[in-house]
2 protein chains.
Amino acid sequence: MKNKRMMNMKIGVLTLIFIFLHLTARPVNVSDFGAKPDGSDATYAVRKALVYCKNNKVSKLIFPKGRYDFYPDKAVEKYFFISNNDEGLKRIAFPLFDFTDFEIDGQGSVFIFHGYTCPFIVENSQNIIIKNLSVDYVRTFHSEGKIIAVNDRGFDVIFDEKYPYKIEDGQLHFYDNENNEYPYGNLLEFDAGKKETAFMAKDYWIRNPLNAEQLSDNTVHIQKSGITATVGNIMVFGSAYRLVPGFTLTDSRNLTISGVNIYHCGGMGIIAQRCANISIVDVNVTPSPRTGRVVSITADATHFVNCSGKITLKNCLFENQKDDATNIHGIYAIITKINSPTEVELKYKHEQQTGFKLFKPGQEVELVDAPALVTIATNRVKTVEYLNKEYMLVQFENPIPAEIKVKDAVGSAEEKADVLITGCRIKSNRARGLLIGARGKVVIENNYFHVPGAAVLFEGDASYWFEQSGVKDCTIRNNVFDNCNYGVWGNAVIQVGSGIKKEDRDRSRYNSDIIVENNTFNIFDPRLVNIYSVDNFVFRNNTIEKSNKYPEQNKASDSFVTASCSNVQINGKKQ
Amino acid sequence: MKNKRMMNMKIGVLTLIFIFLHLTARPVNVSDFGAKPDGSDATYAVRKALVYCKNNKVSKLIFPKGRYDFYPDKAVEKYFFISNNDEGLKRIAFPLFDFTDFEIDGQGSVFIFHGYTCPFIVENSQNIIIKNLSVDYVRTFHSEGKIIAVNDRGFDVIFDEKYPYKIEDGQLHFYDNENNEYPYGNLLEFDAGKKETAFMAKDYWIRNPLNAEQLSDNTVHIQKSGITATVGNIMVFGSAYRLVPGFTLTDSRNLTISGVNIYHCGGMGIIAQRCANISIVDVNVTPSPRTGRVVSITADATHFVNCSGKITLKNCLFENQKDDATNIHGIYAIITKINSPTEVELKYKHEQQTGFKLFKPGQEVELVDAPALVTIATNRVKTVEYLNKEYMLVQFENPIPAEIKVKDAVGSAEEKADVLITGCRIKSNRARGLLIGARGKVVIENNYFHVPGAAVLFEGDASYWFEQSGVKDCTIRNNVFDNCNYGVWGNAVIQVGSGIKKEDRDRSRYNSDIIVENNTFNIFDPRLVNIYSVDNFVFRNNTIEKSNKYPEQNKASDSFVTASCSNVQINGKKQ
């Protein structure tokens, strides 16, 4: 009798364990929550599915392959400060807040977003995989017009119906079919044949809608005196804001995005802030093949701010986005007041950095001579009071050295991300390829670059962008640099562009230990390397091939410019 | 021995009680926290003082009489949805969040605000008194220019240095000395002599900065074809946004504001939402006498949304503000979907209503035939899920009647505020005097009105402003209506302006029980009363005096227009 009861109990417990394991191990299918690949709004179904998954510790949410549409109406809403993008109250189709051990598998689905809907925001989460899906929008945040005439006063364009617009009070405004406006702040010409920024095309920054006149159906004359452009090319009206990044990863760790196409979004493709261990594998930022657009997304393909651990970009395609392929850096806050030997008031100076939670008690920081970007001392945060999105009061454990003054910078000294960028194709976008400011081991290998600015740029400054940078170990090898610098955004293929004024460069060695080896450079412009304030730079065993793909430029320029550097070796020769 | 110890203990306890009472009863002086009336930024001192007061249950914070300055830099920041104003991340000089039994006494001080700093936000608080202080700004949110020439293409103005501006790319932009921009969205002419909106002046709404040309120092030609204006008058460039109301009262009760001058703010003077029992006594909304401005504040002097209990406006001056003296109403949410017999999806349709927390479980609501504003049924909220700032899902306890369809309205049926408006002077502002939609006992007596639109307007609609209204008991007596309707914002002194189309008015009696008695009407325009959809309207014992203060208008119009009404008595005669 007793044994039987024991047995029954055991069976009961095992059954419960089985049910539990079954429930948690079995992927949840989004169609069980009402999401349908039929053009209807899947947002609320996904919202319910995600709540269910979190509450029931489900490890995987799958989408039967198809097209799913996401509207802002029923999306979760939350205010986000997203570095290098625009802050705001966001509608989020996939709000992955406080998830652990969770995977979303699109199984090849296409997700089409409507209006100002942010696809994915991952916050306070860990061990997250997002894979096998494409992101696109019914209406892009930028607009494209085919140039059919150009004169001194402006130009005429034809707009495809994908870019609805109105001339209102004599001014050009872009809309979608729900009457949401899509403001523009930039004009940039793209080469229609090459599908890249037009040779040496420059940015025209625009503050207010341009004066315009309807000529005939879909043909508009736009006033812009002095503009240069070529008939037959595409004029891109760039988004004025970066309100809708594709994948926002914040305060999370162990994140993988793989097998994902980002055909469009209204901000950066993948922006990670205060995250650790991020793998971006087989991610294609590219204009949707079904649309014929020349622009993929409206800003950088990827971007990493104060991230740590390992950052991997592997087998990715980053093309035709309206800014760099990646930028890996920290943030400098600027000293606005020294209240006591151990207390400072700090300010975020750039409006796309406000609201960033840079410091926490116990954190190691560096105190930086801002003009030269020289770390004067490290210290540790005792307390931090964020007064608002701009200002904070920070108490340090140790006194601030006398050399540190108002206008100097404070950054985190903790993140030393290792970076691997491999097997990627980076091309035809606005501006540069890789902006590298990670302080761990950085390896850039087996990539293909064809960008209109520098292919690899070492930036960082405490005066304009306030981006903390300064590599300590960077290897650039086995890459193909194919006719870079066909635009206006660089002065060499490998370039330092840190914001250190000439008079301060000698005392700075902001970047160090950069090796460039075994790469192939196809060039129509002799400028290969232009660096300053670097210690230990080696350029060796690279193949340089002359090209006539573009008109020869800067014929008289040096291939190697190294100023205020030490321990420079170019092709075996100490400089 | 024992007695002595008892005695000592008693003395100890009494001492503690004394210290406790002393500490809590004694007002805290803001100067003890470092606030100085010397032009320095008092914001952080006030911030610390308020934290201290809350933590220590201090009942009163006093300011030694003087001028205190408040900058946004160290102000508390929080996102607020403020009805009929513009939502956003606000910097707040006096964040009275979760206070009970607390008084701020300015003792006659002047508080000068800089930039986009909100003076007072009271949230989740009760028994709050704010008194004896003035609010002004170093730079107004609107700008004023003296008109010196007018022609077909536009007009020329002189700007005083109080209104810094720049002509950028040929367009006029306003700034302050810290380079914050002050966008404008409206032009309205004020009579320089009478210091009121110019006779029959109309609003010009503006979307983008106007094209302009610098003529000489501080003199600007502004392109605006077809504008009418008079040389010598003041052109007011009205603020494009209402981001910075003076006093925001939200989700609080038992609130008194007295002895306060609101010389300026960038939104409504006092906006209360979801509050109960509000006394506004001896409050003057008026241009600061030291400035010579014609405009006081940029929107309504006061405004009450879904407030309950008693609302009192006593012995106030509301003049020269850019909108009505008050508006007391609720909010209608609109049915966008009927999901089940007891569940609806609702939307806030007006963008200055989004984010409003209109419903909570257990709340009594009314289901309203939107075109006619007829309540079909009441019901009770079982659950509410706010999807985001626009949409919510509401489950009712009882089934929705079949007459209620998509596009009909749902409002709260609970607030039935009593209103007393007495001893107030209301004059020279844009638009109307009082917009009355409170459903308790409303008494408007012993006031003086000289407004360019209707003096008392009964609005409310479920199609444009979505403001719930409909009085049930309103007495208007012993007031002086001095030459109202000298502008374009009304068709009679006492007017119904509910958004009910003509064909729906017969079946609606949205307002009822309105008595107008013992008032004096000075008129240059015969139109006294224009109402519809009212049950029980009495007009008696009023004195009508003809005036020639303005050119005679609408000579042929009827003094009394009553359509689709029942039980109307005019001067003893049933209509």
Side-chain angles (χ1 to χ4, degrees), chain A residues 34 41 43-44 47-48 51 71-81 87-93 95 115-118 166 168-173 180-181 183 204-211 223-225 336-337 339 345-348 351 354-355 385-393, chain B residues 34 41 43-44 47-48 51 71-81 87-93 95 115-118 166 168-173 180-181 183 204-211 223-225 336-337 339 345-348 351 354-355 385-393:
Chain A
D41 185 3
T43 311
Y44 194 61
R47 185 171 177 161
K48 284 186 294 180
V51 168
Y71 289 78
D73 296 359
K74 290 174 193 164
V76 163
E77 188 172 60
K78 190 174 171 180
Y79 202 96
F80 273 97
F81 296 101
E87 67 182 83
L89 205 59
K90 312 284 179 186
R91 299 286 172 92
I92 310 136
Y116 282 59
T117 307
C118 294
K166 293 179 197 165
E168 294 168 323
D169 297 334
Q171 295 176 321
L172 176 68
H173 295 264
N180 297 304
E181 190 170 358
Y204 294 93
W205 300 104
I206 289 162
R207 181 161 172 179
N208 290 116
L210 294 166
N211 291 329
Q223 282 181 34
K224 182 71 191 166
S225 61
T336 44
K337 219 172 268 179
N339 292 328
E345 178 190 280
L346 300 175
K347 184 180 185 183
Y348 297 118
E351 65 174 18
T354 58
E385 180 186 3
Y386 292 98
L387 294 173
N388 45 51
K389 69 179 182 180
E390 281 178 301
Y391 285 92
M392 68 197 109
L393 293 175
Chain B
D41 185 3
T43 312
Y44 193 60
R47 186 171 176 161
K48 284 186 295 180
V51 169
Y71 290 77
D73 296 359
K74 291 172 192 164
V76 163
E77 187 172 60
K78 189 173 171 182
Y79 202 95
F80 274 97
F81 296 101
E87 68 183 82
L89 206 58
K90 312 284 178 185
R91 299 284 173 93
I92 309 136
Y116 283 58
T117 307
C118 293
K166 294 180 197 163
E168 294 169 322
D169 298 335
Q171 295 175 321
L172 176 68
H173 295 264
N180 298 304
E181 190 171 358
Y204 293 93
W205 301 102
I206 288 162
R207 181 160 172 179
N208 291 116
L210 294 166
N211 291 329
Q223 282 180 34
K224 182 69 190 168
S225 61
T336 44
K337 218 173 269 177
N339 292 329
E345 179 190 279
L346 300 176
K347 185 180 185 184
Y348 296 118
E351 65 174 19
T354 56
E385 181 186 3
Y386 291 99
L387 294 173
N388 44 52
K389 69 178 182 180
E390 281 178 301
Y391 285 92
M392 68 197 109
L393 294 175

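So you know, we letter chains A, B, ... as the sequences are listed, proteins then strands, and number each from 1. Note that the coordinates shown come from a computational prediction; the quantities given were computed from them, not determined experimentally. Values below: every heavy atom of this structure, side chains too, minus hydrogens, waters and symmetry copies.
Taking chain A as the reference chain and counting heavy-atom pairs below 4.5 Å, the highest number among B/Asn208, B/Asp169, B/Asn211, B/Leu393 is found for B/Asn208.
Residues that satisfy the side-chain contact (heavy atoms from CB on, under 4.5 Å) test with A/Tyr386, not counting sequence neighbours, are A/Tyr348, A/Lys357, A/Phe359, A/Val384, A/Met392. In this structure, B/Tyr44 has no ring-ring contact (aromatic ring centres under 6.0 Å, His included) partners at least two apart in sequence or on a different chain.
A salt bridge links A/Arg207 with B/Glu181; the closest basic N to acidic carboxylate O contact falls under 4.0 Å.
Of all non-hydrogen atoms in B/Leu89 and A/Glu87, the two that sit nearest each other are CD2-OE2, 3.6 Å. A pairwise comparison of heavy atoms in B/Asn388 and A/Asp73 identifies ND2-O, 2.8 Å as the closest pair.
Heavy-atom neighbours of A/Lys166 NZ from other residues, nucleotides or ligands within 6.0 Å: above the threshold of 12. Within a 6.0 Å radius of CD in A/Glu351, no more than 12 heavy atoms belonging to other residues, nucleotides or ligands are found.
Both the backbone and the side chain of B/Lys389 come within less than 4.5 Å of a heavy atom in chain A.
In this structure a side-chain-to-backbone donor-acceptor pair under 3.5 Å is present from A/Arg47 to B/Leu387.
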